[in-house]
Amino acid sequence: MIEHPDGTRTPVIDASVHVFAASNSDLRSFMREPFKSRGFPDYEMDWYGAPGGEYAPGTDGPQRQYPGSDPEVVAQHLFTERGVDVAVLHPMTRGVMPDRHLGSAIAAAHNEILVSRWLDHPEHGERFRGTIRVNPDDIAGALREIERWKSHPRVVQIGVPLQSRELFGKPQFWPLWEAAIDAGLPVVAHIEVGSGISASPTPSGVPRTYEQYVSFMACNYLYHLMNMIAEGVFERMPALKFVWADGAADLLTPLIWRMDTFGRPHLEQTPWAPKMPSDYLPGHVYFVQGAMDGPGDTDFAGEWFGFTGKDDMVMYGSSYPHWQRNELTVPRAFSAEQRDKLCWRNAAGLYGIEVPAVPAVAGAH
């Protein structure tokens, strides 16, 4: 929990903690032939590494294992030092592989590591929740992986790479989203490291620097989302819940307003999605946001957070162990209810997480 200047205390669910294999050889030890001997990109094969280093100092393991790969180190940093109550883990994979079967084997190895090393950890497992990674290029393999892990009590969502070669509203993905609904799990899209054969990070080509990549990559979440709305995915699947895990809530309001403006007058082109596009957001769409998204600690931050119902969609996530380690800073203009939704309530409701409930003080900021 964290304590605020007004004396109230708030539970914290960190909805985006990135976990890794300790090394490539560690990952391969969870793979089977013929894939164990195959080549695949290292985590660092991302082309847009942050200046000064991708990961925060001190996040590697005691034997210099890869950052974010040691449950004891992660638990110390999150639970003891930062006051996190529950951490939702996102294994970082390699994105889309040329060989879809290899991609599924890599995802399956990460899932075995996630469950055996983290979710079933004898001391900290009860405070971890997990994301099962699947390969949307291999629907049959993805469905097998969901079936394998969906009943684990600490698995709370299904993860896919943001860097897809097709928009997620396309019909080839529908069996995957339907399987997520059947499993009672939301789907989360996350920007990948070591991102395989992904397309250019912008529709207009390849930017030059990390600054450009970080600023514009999250736009891809909105391309997926707006396509899912236009293709009628949420109309067809009213129980589907989708999480965009690397920001973009700050982009949602202007783009969904624009989609409302242009989409409604052309309803004859999308009769399978008869509502206003913005009407498909509540209950379906969630975002994970760190400290850097949005207007910051301004007088209008609370009003901005309420636009388009974002205060019911956004969950806090640190992106630990990445360099920014987004500290949980709540703008002073947020109401107590908005603060609770960001810090824990939205995530608790989505993932079915029970945390010690501390009621908000009415009128507190």
Side-chain angles (χ1 to χ4, degrees), residues 95-96 100 103 131 133-143 146 157-192 195-204 216-249 251-288 308-310 313 350:
V96 176
R100 64 184 183 277
T131 305
R133 300 308 306 267
V134 301
N135 178 14
D137 258 15
D138 176 18
I139 297 298
L143 299 185
I146 293 171
Q157 64 187 352
I158 295 163
V160 295
L162 170 67
Q163 296 100 314
S164 170
R165 288 183 287 180
E166 292 283 351
L167 292 164
F168 285 153
K170 300 293 184 68
Q172 63 261 38
F173 298 117
W174 293 358
L176 181 51
W177 313 150
E178 290 167 346
I181 295 170
D182 291 342
L185 299 172
V187 180
V188 59
H190 200 292
I191 296 173
E192 290 295 335
S195 53
I197 57 170
S198 62
S200 298
T202 82
S204 302
F216 303 132
M217 188 63 184
C219 293
N220 289 281
Y221 288 124
L222 277 301
Y223 304 148
H224 281 303
L225 171 60
M226 296 168 83
N227 177 252
M228 294 175 78
I229 293 171
E231 294 279 4
V233 171
F234 297 119
E235 180 74 25
R236 178 186 179 91
M237 306 176 199
L240 179 62
K241 299 180 187 298
F242 228 93
V243 181
W244 311 102
D246 261 315
L251 304 170
L252 175 66
T253 295
L255 289 176
I256 201 67
W257 284 350
R258 186 175 181 85
M259 193 174 185
D260 280 353
T261 298
F262 288 98
R264 190 63 184 177
H266 300 95
L267 183 60
E268 73 280 357
Q269 294 185 5
T270 56
W272 45 79
K275 301 176 185 175
M276 290 285 283
S278 58
D279 289 340
Y280 289 106
L281 299 177
H284 291 295
V285 177
Y286 299 83
F287 295 88
V288 178
T308 332
K310 289 192 295 290
M313 303 177 196
L350 177 65

*Asks:* Go through the steps for Leu176 and Ile146 under the test side chain to side chain contact (heavy atoms under 4.5 Å, CB included), then give the verdict.
*Replies:* CA-CA 9 Å; Leu176 181 51; Ile146 293 171; 3.6 Å; yes
*Asks:* Looking only at atom types and distance, does a side-chain atom of Asn220 sit under 3.5 Å from a main-chain N or O of Met217, one as donor and one as acceptor?
*Replies:* yes
*Asks:* Less than 4.5 Å apart, side chain to side chain, heavy atoms only: is that true for His224 and Trp244?
*Replies:* yes
*Asks:* Between Tyr280 and Leu225, does the side chain to side chain contact (heavy atoms under 4.5 Å, CB included) criterion hold? Intermediate values first, please.
*Replies:* CA-CA 10 Å; Tyr280 289 106; Leu225 171 60; over 6 Å; no
*Asks:* With Glu235, which residues qualify under salt bridge (Lys or Arg N to Asp or Glu O under 4.0 Å), at least two apart?
*Replies:*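 Once residues adjacent in sequence are excluded, Glu235 has no partner under the salt bridge (Lys or Arg N to Asp or Glu O under 4.0 Å) criterion.
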*Asks:* So, Lys241 side chain and Gly283 main chain: donor-acceptor pair closer than 3.5 Å or not?
*Replies:* yes
*Asks:* How many angstroms lie between CG in Leu185 and CG in Leu240, if you round to the nearest 0.5 Å?
*Replies:*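 Atom-to-atom, Leu185:CG and Leu240:CG are 11.5 Å apart.
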*Asks:* Got Ile197 and Arg165 here, is their nearest side-chain heavy-atom distance under 4.5 Å?
*Replies:* yes
*Asks:* Quick check for you: to the nearest 0.5 Å, what is the distance between Met226 atom CE and Phe262 atom CZ?
*Replies:* 10.5 Å
*Asks:* Any sub-3.5 Å donor-acceptor pair from Trp257's side-chain atoms to Leu252's backbone N or O?
*Replies:*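 Flag not set: sc Trp257 to bb Leu252 has no pair under 3.5 Å.
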*Asks:* Report the residues that fulfil salt bridge (Lys or Arg N to Asp or Glu O under 4.0 Å) with Glu231, sequence neighbours left out, ordered by chain and then residue number.
*Replies:*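 Salt bridge (Lys or Arg N to Asp or Glu O under 4.0 Å) list for Glu231, sorted by chain: empty.
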*Asks:* May I ask you to test the Pro277-Ile256 pair for a side-chain heavy-atom distance under 4.5 Å?
*Replies:* yes
*Asks:* Looking at side-chain heavy atoms only, is the closest gap between Asp279 and Asp260 below 4.5 Å?
*Replies:*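 Of all side-chain heavy-atom pairs linking Asp260 with Asp279, none is under 4.5 Å.
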*Asks:* Within the side chain of Ser200, is there an N or O that forms a donor-acceptor pair under 3.5 Å with the backbone of Thr202?
*Replies:* no
*Asks:* Is a side-chain donor or acceptor of Glu192 paired with a backbone partner of Gln163 at a separation under 3.5 angstrom?
*Replies:* no
*Asks:* The test is side chain to side chain contact (heavy atoms under 4.5 Å, CB included); show your working for Arg236 and Trp174 and say whether it passes.
*Replies:* CA-CA 10 Å; Arg236 178 186 179 91; Trp174 293 358; 3.4 Å; yes
*Asks:* Test your reading of the model: is there a side-chain donor-acceptor pair from Asp137 to the backbone of Arg100, 3.5 Å cut-off?
*Replies:*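 Not at all, since once roles are kept as given, no pair shorter than 3.5 Å links the two residues.
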*Asks:* His190 pairs by side chain to side chain contact (heavy atoms under 4.5 Å, CB included) with which of Val288, Thr131, Asp246, Leu162?
*Replies:* Asp246
*Asks:* For Leu251 and Cys219, run side chain to side chain contact (heavy atoms under 4.5 Å, CB included): C-alpha distance rounded to whole Å, both residues' side-chain angles, the deciding distance at 0.1 Å, then the answer.
*Replies:* CA-CA 7 Å; Leu251 304 170; Cys219 293; 3.9 Å; yes
*Asks:* Over 60° means perpendicular and under 30° means parallel, so classify the ring planes of Phe168 and Phe242, tilted if in between.
*Replies:*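 Ring orientation of Phe242 relative to Phe168: tilted.
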*Asks:* Which value, rounded to the nearest 0.5 Å, describes the distance between Leu222 atom CG and Phe287 atom CZ?
*Replies:* 5.5 Å
